[in-house]
Asks: 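Handing you this structure, nothing more for now.
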Amino acid sequence: MTSAGSATPGAEASDAVEIRAALLRLRRSTGLQIAFGGLLQEPLRMRIAELNGAATGALRGLAIRSGSGLGGKAVALARPCAVTDYREARHISHEYDVPVAAEGLRAVLAVPVVVRRRVRGVLYGALRQPVALGDRTLDAAVAAARDVEQNLVVRDEVERLVAAERAPEPDGRARVREEVREVHAELRALAPSVADPGLREQLLSLCDRLTAAAGPGAAAGDAGRTLAPRELDVLACVATGSTNAAVAERLGLRPETVKAYLRSAMRRLGTHNRLEAVVAARRAGLLP
């Protein structure tokens, strides 16, 4: 996501995939009856964009302001908040009682997504019974929010590097470079699904040509580095700024499998995070 209020269509689509994946993980790991949330599209204001387990559409699109309701309190305080019975809670404002009641929510928690001390969104989980939500449930919600946070950090850094690369290059060359990288990622994602071995090899050959055309090739100290095909597929998508959830959807993999390929790629490249892995792969002439 770019700065609040200026997310591109591609970033918004990636946001939706990321939040959907986090909500699904949250419900599966806790048994919560409903999970919902969204990312801020303007300072201190968000809309509930994604729901998992909802019985109605009452919450969809609901605008949450900082300080209002349980989620707004989580935004304002930048920390998790929970209530045993929403409609009886005394320490939150009640602007959203009508849609909450329409969905039948009672026990609710809200966990902020915080990146570099700035709240970027909120994940909610709820039950339709007034019961205390235990530490295990809260810990799982915090873990889901941390996954989103980490992916946003990486995407922010990729976007920063892309902007830095574009700045000194005249005549739209930076835009062309990013288009080459996007096409490369799309071809690598497509190749494994092609049944014809000859056609599949042609697609991978095109990928190699795009990589060779995009730069001078491997640096002297990096020439011996290699990646397995699926590791390279995953890293090619990551290099375009895609989150783990978006990569999984694009390649037809599970998010856990994407993480495993990333860990393996980072180990082979001798790096410690996704961004370092992308940079190392480009220096080694493995990515455009």
Asks: Applying side chain to side chain donor-acceptor pair (under 3.5 Å), can you list everything that pairs with Ser68, at least two apart in sequence or on another chain?
Replies: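 Ser68 satisfies side chain to side chain donor-acceptor pair (under 3.5 Å) with Glu95 once adjacent residues are dropped.
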Asks: Any side-chain heavy atom of Pro80 sitting closer than 4.5 Å to one from Leu109?
Replies: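 Counting from C-beta outward, Pro80 and Leu109 never come under 4.5 Å.
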Asks: Give me the atom names and distance for the closest heavy-atom approach of Ala89 to Val83.
Replies: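 In this case the closest contact between Ala89 and Val83 is CB-CG1, 3.7 Å.
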Asks: Is the shortest distance from a Lys or Arg side-chain nitrogen in Arg27 or Glu50 to a carboxylate oxygen in the other one below 4.0 Å?
Replies: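 Salt bridge flag = no for Glu50 with Arg27.
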Asks: CZ/Arg136 to OG1/Thr30 distance, rounded to the nearest 0.5 angstrom?
Replies: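 Between Arg136 CZ and Thr30 OG1, I get 7.0 Å after rounding to 0.5 Å.
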Asks: Donor-acceptor pair, distance only, cut-off 3.5 Å: does the side chain of Arg60 make one with the backbone of Ala49?
Replies: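 Yes, the answer is positive, given that a donor and an acceptor are paired below the 3.5 Å cut-off.
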Asks: Under the side chain to side chain donor-acceptor pair (under 3.5 Å) test, which residues partner Arg106, sequence neighbours left out?
Replies: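 Arg106 satisfies side chain to side chain donor-acceptor pair (under 3.5 Å) with Asp85 only.
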Asks: Of the non-hydrogen atoms in Ser242 and Val247, which two are nearest, and what is the gap between them?
Replies: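 So the minimum-distance heavy-atom pair works out to CB-CG2, 3.7 Å.
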Asks: Locate the shortest heavy-atom distance separating Ile48 from Leu59; write the atom from each residue and the value.
Replies: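 Looks like CB-O, 3.5 Å.
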Asks: With a 4.5 Å heavy-atom cut-off, do Leu105 and Phe36 have their side chains touching?
Replies: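 Heavy-atom side-chain distance check passes, below 4.5 Å.
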Asks: Answer yes if Leu24 and Leu32 sit in the same cluster of Ile, Leu, Val, Met, Phe, Trp and Tyr residues linked by side chain heavy atoms under 4.5 Å apart, and no otherwise.
Replies: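 No, Leu24 and Leu32 fall in different hydrophobic clusters.
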Asks: Can you see which heavy atom on Ser29 is nearest to which on Ala140, and at what distance?
Replies: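 Shortest heavy-atom separation between Ser29 and Ala140 comes out as OG-CB, 3.7 Å.
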Asks: How many angstroms lie between CZ in Arg250 and CZ in Arg188, if you round to the nearest 0.5 Å?
Replies: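 Reported to 0.5 Å precision, the distance equals 12.5 Å.
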Asks: Mind checking the CD-CZ spacing from Glu18 to Arg20? Nearest 0.5 Å is all I need.
Replies: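 Rounded to the nearest 0.5 Å, the CD-CZ separation comes to 10.5 Å.
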Asks: Counting N and O atoms only, with roles assigned by atom type, does the side chain of Arg282 sit under 3.5 Å from a partner on the main chain of Pro288, one being a donor and the other an acceptor?
Replies: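 Here the side-chain-to-backbone pair exists.
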Asks: With a 4.5 Å cut-off on side-chain heavy-atom distances among I, L, V, M, F, W and Y, is there a chain of contacts connecting Leu70 to Val111?
Replies: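 As far as the 4.5 Å side-chain criterion goes, Val111 and Leu70 are not connected within one cluster.
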Asks: For the pair Val113 and Ile19, evaluate side chain to side chain contact (heavy atoms under 4.5 Å, CB included) and give the outcome as yes or no after the intermediate values.
Replies: CA-CA 11 Å; Val113 174; Ile19 294 296; 5.5 Å; no
Asks: Hey, could you give me the CG/CG distance between Leu51 and Leu62, rounded to the nearest 0.5 Å?
Replies: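 It is 10.0 Å, given to the nearest 0.5 Å.
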Asks: Could you please spell out the steps behind the side chain to side chain contact (heavy atoms under 4.5 Å, CB included) verdict for Asp147 and Lys259?
Replies: CA-CA 11 Å; Asp147 284 345; Lys259 289 182 181 180; 3.8 Å; yes
Asks: Atom CD of Glu186 and atom CG of Leu203: how far apart are they, to the nearest 0.5 Å?
Replies: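 It is 12.0 Å, given to the nearest 0.5 Å.
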Asks: Looking at SG of Cys207 and CD of Gln202, how far apart are the two atoms once the value is rounded to the nearest 0.5 Å?
Replies: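 CD of Gln202 is found 12.0 Å from SG of Cys207.
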Asks: List the steps and the verdict of side chain to side chain contact (heavy atoms under 4.5 Å, CB included) for Leu232 and Thr226.
Replies: CA-CA 9 Å; Leu232 192 54; Thr226 60; over 6 Å; no
Asks: Is a side-chain donor or acceptor of Lys73 paired with a backbone partner of His91 at a separation under 3.5 angstrom?
Replies: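 Side chain of Lys73 to backbone of His91: a pair is present.
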Asks: Verify, without hydrogens or angle tests, whether Tyr96 (side chain) and Ala63 (backbone) share a donor-acceptor contact under 3.5 angstrom.
Replies: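 Answer holds: yes.
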Asks: Using the side chain to side chain contact (heavy atoms under 4.5 Å, CB included) rule, take Val122 and Ile64 through it: C-alpha gap first, then chi angles, then the decisive distance, then the call.
Replies: CA-CA 10 Å; Val122 180; Ile64 307 298; over 6 Å; no
Asks: Would Arg146 and Glu149 pass as an ion pair if we require N to O under 4.0 Å?
Replies: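 Counted as a salt bridge, because a side-chain N and a carboxylate O are separated by less than 4.0 Å.
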Asks: Salt bridge (Lys or Arg N to Asp or Glu O under 4.0 Å), that's the test. Do Arg230 and Asp233 meet it? Break it down for me.
Replies: CA-CA 5 Å; Arg230 217 47 172 156; Asp233 294 343; 2.9 Å; yes
Asks: Quick check on the hydrophobic clustering: are Leu26 and Val17 connected, directly or via other members, by side-chain heavy-atom contacts under 4.5 Å?
Replies: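 Cluster IDs for Leu26 and Val17 differ.
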Asks: If hydrophobic clusters are built from ILVMFWY residues whose side chains come within less than 4.5 Å, do Leu262 and Leu253 share one?
Replies: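 Result: yes, single cluster for both.
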Asks: Heavy atoms only: give me the nearest Gly285-Thr211 pair and the separation to one decimal.
Replies: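 Where Gly285 meets Thr211 most closely, the heavy atoms are O-CG2, 3.2 Å.
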Asks: For atom CZ of Arg128, is the number of surrounding heavy atoms from other residues, nucleotides or ligands below 6.0 Å larger than 12?
Replies: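 Enclosed.
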Asks: Within the distance-only criterion (no hydrogens, no angle test), does the side chain of Glu103 pair as donor or acceptor with the backbone N or O of Thr56 below 3.5 angstrom?
Replies: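 Checking the backbone N and O of Thr56 against the side chain of Glu103, a donor-acceptor pair under 3.5 Å is found.
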Asks: Among the clusters formed by ILVMFWY side chains lying less than 4.5 Å apart, do Leu138 and Val131 turn up in the same one?
Replies: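 Cluster IDs for Leu138 and Val131 match.
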Asks: Using the side chain to side chain donor-acceptor pair (under 3.5 Å) criterion, which residues pair with Asp97? Sequence neighbours excluded.
Replies: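 Applying side chain to side chain donor-acceptor pair (under 3.5 Å) to Asp97 gives His94.
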Asks: Would you confirm whether Glu231, through its side chain, and Leu227, through its main-chain N or O, come within 3.5 Å as a donor-acceptor pair?
Replies: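 Checked: no pair found.
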Asks: Ala248 and Arg254: which non-hydrogen atoms are nearest, and at how many Å?
Replies: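 Result for this residue pair: CB-C, 3.9 Å.
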